[in-house]
Amino acid sequence: MANVLQTSFLPSTSSLRRRSISGSKGKSQSLQVKAKIREIFMPALSSTMTEGKIVSWMKSEGDKLSKGESVVVVESDKADMDVESFHEGFLAAIMVEEGGVAPVGSAIALLAETEDEIAEAKAKSQSSSNSTPQVVEEKPKQIEEAAPDVPAAAAAPSVPVAKAVTLGSAVHPASEGGKRIVASPYAKKLAKELKVDLGTVVGSGPLGRIVAKDVEAAAVAVPVAASPAKPDPVAPGIELGTVVPFTTMQGAVSRNMVESLSVPTFRVGYTITTNALDALYKKIKSKGVTMTALLAKATALALVQHPVVNSCCRDGNSFTYNSSINIAVAVAIDGGLITPVLQDADKVDIYTLSRKWKELVDKARAKQLQPHEYNTGTFTLSNLGMFGVDRFDAILPPGTGAIMAVGASQPSVVASMDGRIGMKNQMQVNVTADHRVIYGADLAAFLQTLAKIVEDPKDLTF
Amino acid sequence: MHSICFQATGVPGSNYIFDSCSPALAISKPINLRFCGLRKEAFGFSGLTHSSSGRVHFSSRGHSKKVSASAESNGSPPKSFDYDLIIIGAGVGGHGAALHAVEKGLKTAIIEGDVVGGTCVNRGCVPSKALLAVSGKMRELQSEHHMKALGLQVSAAGYDRQGVADHANNLASKIRSNLTNSMKALGVDILTGVGTIVGPQKVKYGKVGFPDNIVTAKNIIIATGSVPFVPKGIEVDGKTVITSDHALKLESVPDWIAIVGSGYIGLEFSDVYTALGSEVTFIEALDQLMPGFDPEIGKLAQRVLINPRKIDYHTGVFATKITPAKDGKPVIIELIDAKTKEPKDTLEVDAALIATGRAPFTNGLGLENVNVVTQRGFVPVDERLRVIDTNSNLVPHLYCIGDANGKMMLAHAASAQGISVVEQVTGRDHVLNHLSIPAACFTHPEISMVGLTEPQAREKAQKEGFEVGVAKTSFKANTKALAENEGEGLAKLIYRPDNGEILGVHIFGLHAADLIHEASNAIALGTRIQDIKFAVHAHPTLSEVLDELFKSATVKAAASSHGPVSEPVAV
């Protein structure tokens, strides 16, 4: 388990795991032949489906099934679907009860060919009942897989997601003073998907109607709008004086944090002047460029010159030099964290990178990130600057070489070399690295390069 | 779909009265319930001629030689006739009848007050297929993961609205001229003007303000078709509140359009509009969307055609009032609960499409001259399509086909009825088996069906004491469907295990509309499952879905092979 989680940054391992679970028969709705007792697998009902919920079993244990008969109703990320049996036989054992969730490709029931084999199948399901829940755990939601990769989890503030959006309600002629919400069909669908309260969204469509992009904007605005200035004394939904067990995601984070203790890390900090970067940001902000994309870009360009900082140590005996520079950026989401990855951040131009970032954030909130979009990072950025944090340090995600914690850029009084005192915007960055492969001098050189790039950011826009 | 009948009978005077079946048919036989559903939303726009501007048209040809006929009294039939057969209405039904009549050696004329081709060609099936072809391609191009799965890369697909509209219009013109030419070439006289029955075997036609021409014929077929039905309270302005007639011109693609009615017409337009970027809100009077379909097919169709698209819906509500957009205000739709009649909601949208079914176009036909009274506009007919008068007697030599009789409002049904009538007047008794007429909805993927739905079959089975079998196959197992990456789909067979009779087939999936004919032909010819399952299908083709379907049915061993199950049943 821990093994799987710790390596979830590594595409190779994760794809191996994937293969082993979905079995050699890749066909959806397949029943794998195992003697005369077949397993009924959770089918992939859509290309984006990673797990399915059992809405109801249409047959009970012991019922005879004919080929093509509907056995179970499965709720995927898109719809409820009847799943048919592709073989004849008897439904011997139900392994995932109604309301239960199982990853695509995992067994949800056993099908016996004859009535006599039902008992055998039942026994089998019991013996494998230890493994079954594990299967479920091993392939949790994409978000749950990715979360433990982010050591900064500890530092992430709990952000009340749904409520913090724009205040005020849609003003629309038909809204009867805000009592009714006028939103287009797609906007309503999106709001449900992204868990955005339409009552808090201001419509920009005809006559103030809420349209899809308003909902998307509201969903993205959530973390930004959450102001550190007025923190909730108690996060909503938390009952004091109680003990709440970890969710799967939080459990994974916990294990991963402990796992990280086996890596000898050290930290190097640097103060970077950001006046030029701020000016550039101001200039191209209107073109949709975000600060996150700028920082990722700058980091990637610095990594080009210091490939060792982009490397990692997988076996304790060697350097693994990654072929691409993929910047993972930690994002707080409801109840946890995810690290969408900006792939080839050194090669992609800043505008594309910004668009890509927005797309990834949207997907992350809709829980639609594909594995390669969150587990292929080679270097991680964690930025708490927007909350006014001026410095912090991050825990290295197992499987990577380094992570950089970025604080807020703040006006500071600075004495310059020529003996003058001036005001400059400065931010502090703090890199945590695996000392087995990355040494102090490596980080120092890398940070120096990064500072140069940030202080003269013309290369960021090509 | 029985609930559609309910709509008419249970809610008398409601807006949707025309949705219902003609009472002569609806109540007597449960089997007809099915067609009530079809009729309601007959995508087919199968009607024939009509002109919304009135039944007026210029006569291009004089027929003065026929004036002699008018000298005779209107009350008695003429001794000699100008034609063997006159068809009023040159839609698909009239056209089919005319072609078959010529083949049978009849001297035939067809009267048309508007344009040849009727609803189907000009304002229905034909232009809508052009729009749906566009929407299908747009859908493919926009489906990134679908393209990726095929290894294709397409950058942002876009469209030119006028170009799409032109495609639809050009297709209609082309088919119209094909139709006209085919009749001219065969020697069918096309008489231009509004046809009115003035007495037995006698029709006048012509344009207001000019002397009418009167012609006589041994037999007359009414094939005047239907027009979009607009419930009262709804103001159609042709711009923001529209019917299918306007929508097919595609003069605009609104951001948000409400579609009143979720049958064939509504569904097809939702497919077009969402592919072109609109968001759609369905307004359905019944509790369920897509009421006309087999419930299982409807459920699956909703999951594929409605839920993942930019569509929401209100069911169990009537749109009592729809006001077009004006003075900067949007289209306003007032909804009431279909049962309690309490105001339920108000919608503000950019446009509204009224797809609540079609009403027969029979006003001014002169039916009173032969003592016939229409029933909510429909011309009453018997199973041989002979017109019935107020005394329940048959009117000699007068037939009615197509949407105007309301039996099954589909273009090809009208044509089949026309052929059936020609068979009868040329001396061969013929009763059309409506249960063998397929229907299709050209969404992506398509829906098609023939015969009974499962609930109808079970009802019939209970009454007549036989067992019902249901077999299903999925498109997911079909090689060709998977090659196209279109494995979503289901084919369903409803049959009698005791003798292998096919009661109904329903298909939802890629090219379903083309696949249904193997089943409809089997029903029409009385072919049983135990025989058809030996028919060979080319591999790999989508037709193997039906092959597998027939093979998966279990017919009792006792059922004998060969020979039709029974004589086709008339409805």
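Just the heavy atoms: all of them, side chains too, but no hydrogens, waters or symmetry mates, feed the values below. This is a predicted model, so every value here is computed, not measured. A note on names: the letters A, B, ... follow the listed sequences, proteins ahead of strands, and every chain is numbered from 1.
The two residues B/E348 and A/R209 have their closest heavy-atom pair at O-NH2, 4.1 Å. The two residues B/W256 and A/A183 have their closest heavy-atom pair at CH2-O, 3.3 Å. Nearest heavy atoms, A/P206 versus B/D350: CG-OD1, 4.4 Å.
In the displayed structure, B/K321 atom NZ is contacted under 6.0 Å by at most 12 heavy atoms of other residues, nucleotides or ligands. Summarising the local packing, NZ of A/K64 is surrounded by more than 12 heavy atoms from other residues, nucleotides or ligands at distances under 6.0 Å. Heavy atoms from other residues, nucleotides or ligands lying under 6.0 Å from CD of A/E359 number more than 12. Applying the 6.0 Å contact sphere to CD of B/E454 captures more than 12 heavy atoms from other residues, nucleotides or ligands. Counting heavy-atom neighbours within 6.0 Å of B/K533 NZ, excluding the residue itself, gives a total above 12.
Contact check for A/L207 versus B/P330: side-chain heavy atoms found under the 4.5 Å cut-off. B/T281 is not listed as a side-chain neighbour of A/K188, based on a closest heavy-atom distance of 4.5 Å or more.
Contact annotation for B/V470: neither backbone nor side-chain heavy atoms come within less than 4.5 Å of a heavy atom of chain A. Using a 4.5 Å cut-off between heavy atoms, B/L549 does not touch chain A at all. Within the 4.5 angstrom heavy-atom criterion, no atom of B/I332 approaches chain A. Of the atoms belonging to B/V280, it is backbone heavy atoms, and not side-chain ones, that fall under 4.5 Å from chain A. If you measure heavy-atom distances from B/E488 to chain A, the contacts under 4.5 Å come from the side chain alone.
A salt bridge does not link B/D312 to A/K192: none of the charged nitrogens lies less than 4.0 Å from a carboxylate oxygen.
No side-chain donor-acceptor contact under 3.5 Å links B/K310 to the backbone of A/K189.
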